[in-house]
2 protein chains.
Amino acid sequence: MNTFTEENYLKAIYHLSLQSESVSTNQIAAALNTKAASVTDMLKKLADKELINYAKYQGVTLTPSGEKIAISIIRKHRLWEYFLVEKLNFKWDEVHDVAEELEHISSKELIDRLDNFMGNPRYDPHGDPIPDSNGLFKTHELKPVSALTTNEKGIISGVRDHSSAFLQYLERMQLTIGKTIKVAEINDYDHSVILLVEDKKIHISREVANNLLISI
Amino acid sequence: MNTFTEENYLKAIYHLSLQSESVSTNQIAAALNTKAASVTDMLKKLADKELINYAKYQGVTLTPSGEKIAISIIRKHRLWEYFLVEKLNFKWDEVHDVAEELEHISSKELIDRLDNFMGNPRYDPHGDPIPDSNGLFKTHELKPVSALTTNEKGIISGVRDHSSAFLQYLERMQLTIGKTIKVAEINDYDHSVILLVEDKKIHISREVANNLLISI
DNA sequence: TAAAATTTTTAGATTAGTCTAAAATTATTA
DNA sequence: TAATAATTTTAGACTAATCTAAAAATTTTA
């Protein structure tokens, strides 16, 4: 088995890989709130274990076995988040830190039973897809509200920013997962957007429109 | 917060304290499968944090704050065991190792919500009492089957040996928590006992009789 | 109660993960 | 494309937890 720290590195590399092909030392350091020198040390260790492809100064990618571990951590994180919200009535902005701890519990039996206990949910409380017990999941194609033009519709299905502050803001605005929205107006000057949600007008900034994801 | 290791030391000292007033370095080393030298190092650290009372060569006791932490770990361990058996259908002999990991999840909010979700159970699957959110619990007075004389009755309420091997044996013999037993006969020679359970005769050794606990 | 046995502590190493400061490499830009 | 800037790695040190081997203290026993 791997240590918590190794698991956190693999998870961070996985998430960063979704945006840029190869991941840099500094990107990882920023994501994990640590120093580049520490990252270099750990990259050597993960490369020795053949969990990442690493060449000095060239950035890293996950090997298939590294990716498998990363996805299993993400599966655990998202299932625990679902459990916390659906069974223990936590709010969607309160679960991240606890799930960061729970995702390192090693038992596969536990997580598979938890999955079944909850009816094999496909999405976590923030709309992110939950990998199945084989690590498979489809990344549904979501686009930000900011990609819509006037009169287009969508269903709120995810967020790009997972911070409590953003989630609490959405909650207050009643912009929660599953709601149908329609773009009523786009402000040419600042690109802010007026949405129609359940016949109410909601005005959101360009930044919010960028971080709120919809399916069609 | 304390490290997993510190928590494990405090828990071990707590359990050992139930049998002998003061706990020795070697006892702790045996319980934690480590060496006496390692224990001495850790005892110094825990004493610095005022979690134990420690004087060289004299053994240790928990301070009130050390005991509080130990009990909170035990609360978490037992609640998770209850969850695993009652909600996820694990068997009572399969839950210990997973609970050893789960007991270190730090969120008090999580464990209090879990407690409520399950209806505030008072005993874990092995009959051990679960401390409430203030750390309070009564150690019900149990005695081993071996303390009974012929024709005395009792209700199976706990075990002294928590090993999988023993729990699986009890399961096979249908000697599970809640069953009423009556001593039919005690063998003078080897102190083995014949029990009457639901009108069936069950023959158990002295060792088993010593490790099976009943209330009256 | 002195010698022997046991227990406990100390001394000195080791491993994992981290850090700062300096050196090496790569990227940018003038 | 040479100088400058930014990134990345190396070197050396630190903390937490562990270990072995040896020394010190306590307990047992003869």
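Residue numbers start from 1 in every chain, and the chains themselves are labelled A, B, ... in the order their sequence lines are given, proteins ahead of strands. Reckoned from all heavy atoms, side chains included, excluding hydrogens, waters and symmetry mates.
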Engineer: D:dA6, OP1 or OP2 - any side-chain N/O from A:N26 closer than 4.0 Å?
Structural biologist: no
Engineer: Quickly work out the A:Y54 OH to C:dT25 C1' distance and round it to whole Å.
Structural biologist: 12 Å
Engineer: Closest approach to the side chain of A:A36, judged atom by atom: which nucleotide of D:dT9, C:dT8, C:dT18 is it?
Structural biologist: D:dT9
Engineer: Any side-chain N or O of A:S24 under 4.0 Å from OP1/OP2 of D:dT8?
Structural biologist: yes
Engineer: Do we see a donor-acceptor contact under 3.5 Å between the side chains of B:Q58 and B:S22?
Structural biologist: no
Engineer: Atom OH of A:Y57 to atom P of D:dT10: distance rounded to whole Å?
Structural biologist: 6 Å
Engineer: Of A:K56 and A:N33, whose closest DNA chain C nucleotide lies nearer the 5' terminus?
Structural biologist: A:N33
Engineer: Over how many whole Å does the gap from B:L43 atom CG to C:dT9 atom P extend?
Structural biologist: 7 Å
Engineer: Any side-chain N or O of B:Y9 under 4.0 Å from OP1/OP2 of D:dT18?
Structural biologist: yes
Engineer: Using a cut-off of strictly less than 4.0 Å, decide whether B:S38 has a side-chain nitrogen or oxygen near OP1 or OP2 of D:dT18.
Structural biologist: no
Engineer: From CG of B:D41 over to C1' of D:dA16, roughly how many Å is that when rounded to an integer?
Structural biologist: 10 Å
Engineer: State plainly whether the residues A:R113 and A:E109 are in salt-bridge range, i.e. N to O under 4.0 Å.
Structural biologist: yes
Engineer: Which nucleotide, C:dT7, D:dT8, C:dT9, lies nearest any side-chain atom of A:T40?
Structural biologist: D:dT8
Engineer: Side chains of A:S146 and A:H191: do they bring a donor and an acceptor to under 3.5 Å?
Structural biologist: no
Engineer: If you take the centroid of each ring, where Trp contributes its six-membered ring, are B:H96 and B:H162 closer together than 6.0 Å?
Structural biologist: no
Engineer: Test salt bridge (charged side-chain N to carboxylate O under 4.0 Å, His left out) on A:D112 and A:R75; report intermediate values, then the result.
Structural biologist: CA-CA 10 Å; A:D112 289 346; A:R75 167 169 161 79; 2.7 Å; yes
Engineer: Would you mind telling me which residue lines up with the more 5' stretch of DNA chain C, A:E6 or A:A37, judged by nearest nucleotide?
Structural biologist: A:E6
Engineer: Let's see if you can work this out: which of C:dC19, D:dT18, C:dT9 has an atom nearest to the side-chain heavy atoms of B:T5?
Structural biologist: D:dT18
Engineer: Without decimals, in angstroms, what is the distance between B:K49 NZ and D:dA16 C1'?
Structural biologist: 10 Å
Engineer: Return the pairing partner of D:dT20 with a 3.5 Å limit on both distances, Watson-Crick or G-U wobble; otherwise return none.
Structural biologist: C:dA11
Engineer: In whole angstroms, how far is the C1' atom of D:dT18 from the CE atom of B:M42?
Structural biologist: 10 Å
Engineer: How long is the line joining CG of A:D48 and P of C:dA16, in whole Å?
Structural biologist: 11 Å
Engineer: Please check the phosphate of D:dA21 (OP1 and OP2 only) for any side-chain N or O of B:K35 closer than 4.0 Å.
Structural biologist: no
Engineer: For the pair made of CG in B:L46 and P in D:dT18, what is the distance, rounded to whole Å?
Structural biologist: 11 Å
